[in-house]
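Below: the structure, in structure tokens.
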Amino acid sequence: MRGLLAVAALAAGAHGLELFADDPSVVVVDKKGINSKVLKTTAPVMLGVFSDNAEECEHCALIAAEFSKAAKKLASYGVQSAAFDCTDAWPRCHSMTSPLQITNLPAIKAFTAPFTVNPYTKKPHRDQAPYEGAANARSMQKHVLAQIPDTLIERQTGESFPPSTEGGSALVLLFTDRDSSSPLYKSLANSFAGRLTFAEVHSSEEGLTAQYAIDKFPTMLVTLVDHDVDKGYVYKGDLKSWAEMSGFLETYALPPAETDDDSAGEGASEDGTGTGAEDGKKKKKKKGPEGPPTLTEDD
């Protein structure tokens, strides 16, 4: 009987947050799921904290719709999206207001930095960047992408090439005519950090473009600096497809570093000290002209 009750409880919990019931781009997490899906992962994550109860959160339904749109777009940059269910649990929100540094509903956070583990409590911690902008998908997307660490090495020239690579990894080169790095390429570099080394080559570098017979921009290729740097393995797929590009790069990447899955505890700290997170300072409520709602720490 206990087993049946446990299964029933798990099934009931899996349907939390009706706001995202039919959304394949957003995974709804509970207190335990925060560790594996948000805090103890190397993937960039957009986290939203919502309530189905309109009395707890007047704007949750409106902002959840924009959150879903942003999640769908961000998936093509390798960003995962999760929603934490605070329905009928505000203001304590299952004792997660301190660990997640939330003072209002809804709350949206970007988690893009590597996680660390408190050596005493064994609980994971990850720096977070709160979103306080306009309640629209485009602004949320831009905020999250702006937080992704830039792990590209310097742009390559005929004088600097070939560079030294991290741990003897293969070198990924993007030949481009742009003066700035694309968010997608930066996201790929971040995703394969420690396993591949990423750099760019501008189209004006005629020596390198000729060396690899590049005749169109952008073009991405992989070369093995320590073996045959003159040979390039050109990616011929869709340069806007995260799945295709990451699948191609995985072939040349070093194996993922092993991690101790038991190094982080089962739950996040209830007071924030266990995770190493500093309590967020409360801000006065911001008032502005009538218009679409914005997200601030107390709105």
Side-chain angles (χ1 to χ4, degrees), residues 42-44 46 69-70 72-80 110 112-114 129 137-256:
T42 58
M46 177 176 69
K69 295 176 186 177
K72 184 177 181 180
K73 291 287 187 181
L74 287 168
S76 63
Y77 293 88
V79 177
Q80 301 173 5
T112 60
R138 179 61 178 163
S139 297
M140 295 177 195
Q141 177 185 335
K142 290 177 66 176
H143 171 74
V144 175
L145 292 178
Q147 310 308 315
I148 294 178
D150 186 353
T151 60
L152 301 179
I153 64 173
E154 63 180 2
R155 285 199 166 192
Q156 293 301 292
T157 66
E159 291 74 23
S160 66
F161 192 81
S164 58
T165 59
E166 184 176 358
S169 65
L171 174 65
V172 184
L173 293 175
L174 180 69
F175 289 81
T176 176
D177 54 7
R178 292 179 49 162
D179 292 327
S180 60
S181 303
S182 76
L184 178 55
Y185 193 60
K186 289 172 61 178
S187 294
L188 283 167
N190 181 66
S191 177
F192 284 92
R195 303 177 62 206
L196 288 168
T197 300
F198 286 73
E200 295 170 312
V201 178
H202 194 265
S203 57
S204 60
E205 291 294 329
E206 297 180 357
L208 288 176
T209 57
Q211 178 176 336
Y212 291 102
I214 304 299
D215 57 7
K216 64 178 181 179
F217 304 93
T219 293
M220 184 178 74
L221 61 79
V222 176
T223 185
L224 306 178
V225 175
D226 294 339
H227 300 283
D228 189 0
V229 72
D230 291 325
K231 185 174 182 178
Y233 300 89
V234 178
Y235 170 71
K236 298 180 180 179
D238 185 354
L239 280 167
K240 294 183 179 180
S241 172
W242 174 271
E244 290 184 27
M245 294 174 76
S246 58
F248 169 80
L249 294 172
E250 188 67 45
T251 305
Y252 303 95
L254 295 174

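- Between the side chain of Thr223 and the main chain of Lys231, a donor-acceptor pair closer than 3.5 Å is present.
- Between Tyr235 and Val172 there is no side-chain heavy-atom pair separated by less than 4.5 Å.
- Atom-to-atom distance recorded for Ile153:CD1 and Glu200:CD is 10.5 Å, nearest 0.5 angstrom.
- Between Met46 atom CE and Gln141 atom CD the span is 9.0 Å, to the nearest 0.5 Å.
- Separating the CZ atom in Arg155 from the CG atom in Leu174 is a distance of 8.5 Å, to the nearest 0.5 Å.
- Here the shortest heavy-atom pairing between Gly232 and Leu221 reads CA-CD1, 4.2 Å.
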*Are Tyr212 and Val234 close enough, and set up right, to give a side chain to side chain contact (heavy atoms under 4.5 Å, CB included), and what steps lead you there?*
CA-CA 9 Å; Tyr212 291 102; Val234 178; over 6 Å; no

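- In this structure, the side chains of Thr197 and Pro163 stay at 4.5 Å or more apart for every pair of heavy atoms.
- Between Leu171 and Pro162 the shortest side-chain heavy-atom distance does not fall below 4.5 Å.
- Scanning for ring pair (Phe, Tyr, Trp, His ring centres under 6.0 Å) contacts around Phe217 gives an empty result, with sequence neighbours left out.
- Considering every non-hydrogen atom in both His143 and Ala129, the closest pair reads NE2-O, 3.1 Å.
- We find the CZ-CG distance between Arg195 and Leu249 to be 9.5 Å, quoted to the nearest 0.5 Å.
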*Step by step, would you call Val79 with Ile148 a side chain to side chain contact (heavy atoms under 4.5 Å, CB included)?*
CA-CA 10 Å; Val79 177; Ile148 294 178; 4.1 Å; yes

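- Between the Ser246 side chain and the Trp242 main chain, a donor and an acceptor come within less than 3.5 Å of each other.
- At least one donor-acceptor pair under 3.5 Å links the side chain of Gln156 to the backbone N or O of Glu154.
- Here the shortest heavy-atom pairing between Val229 and Gln211 reads O-NE2, 3.9 Å.
- The nearest pair of heavy atoms linking Arg178 to Ser181 is NH2-O, 3.9 Å.
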_Worked check of side chain to side chain contact (heavy atoms under 4.5 Å, CB included) between Met220 and Phe248_ = CA-CA 11 Å; Met220 184 178 74; Phe248 169 80; 4.1 Å; yes

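- Taking OG1 of Thr209 as the start and CG of Leu173 as the end, the distance is 12.0 Å to the nearest 0.5 Å.
- Judged by distance alone, the side chain of Thr151 and the main-chain N or O of Ala189 form a donor-acceptor pair under 3.5 Å.
- Considering all non-hydrogen atoms of both residues, Gly167 and Leu254 come closest at O-CD1, 3.8 Å.
- With sequence neighbours left out, Tyr185 forms a ring pair (Phe, Tyr, Trp, His ring centres under 6.0 Å) with Phe198.
- Atom CZ of Phe192 sits about 5.0 Å away from atom CD of Glu250, to the nearest 0.5 Å.
- Remark: the backbone N or O of Pro183 is paired with a side-chain donor or acceptor of Ser187 at under 3.5 angstrom.
- Summarising the geometry of Thr112 relative to Pro44, their closest heavy-atom pair is CG2-CB, 3.9 Å, with the distance given to 0.1 Å.
- The shortest side-chain heavy-atom distance between Leu145 and Leu74 falls under the 4.5 Å cut-off.
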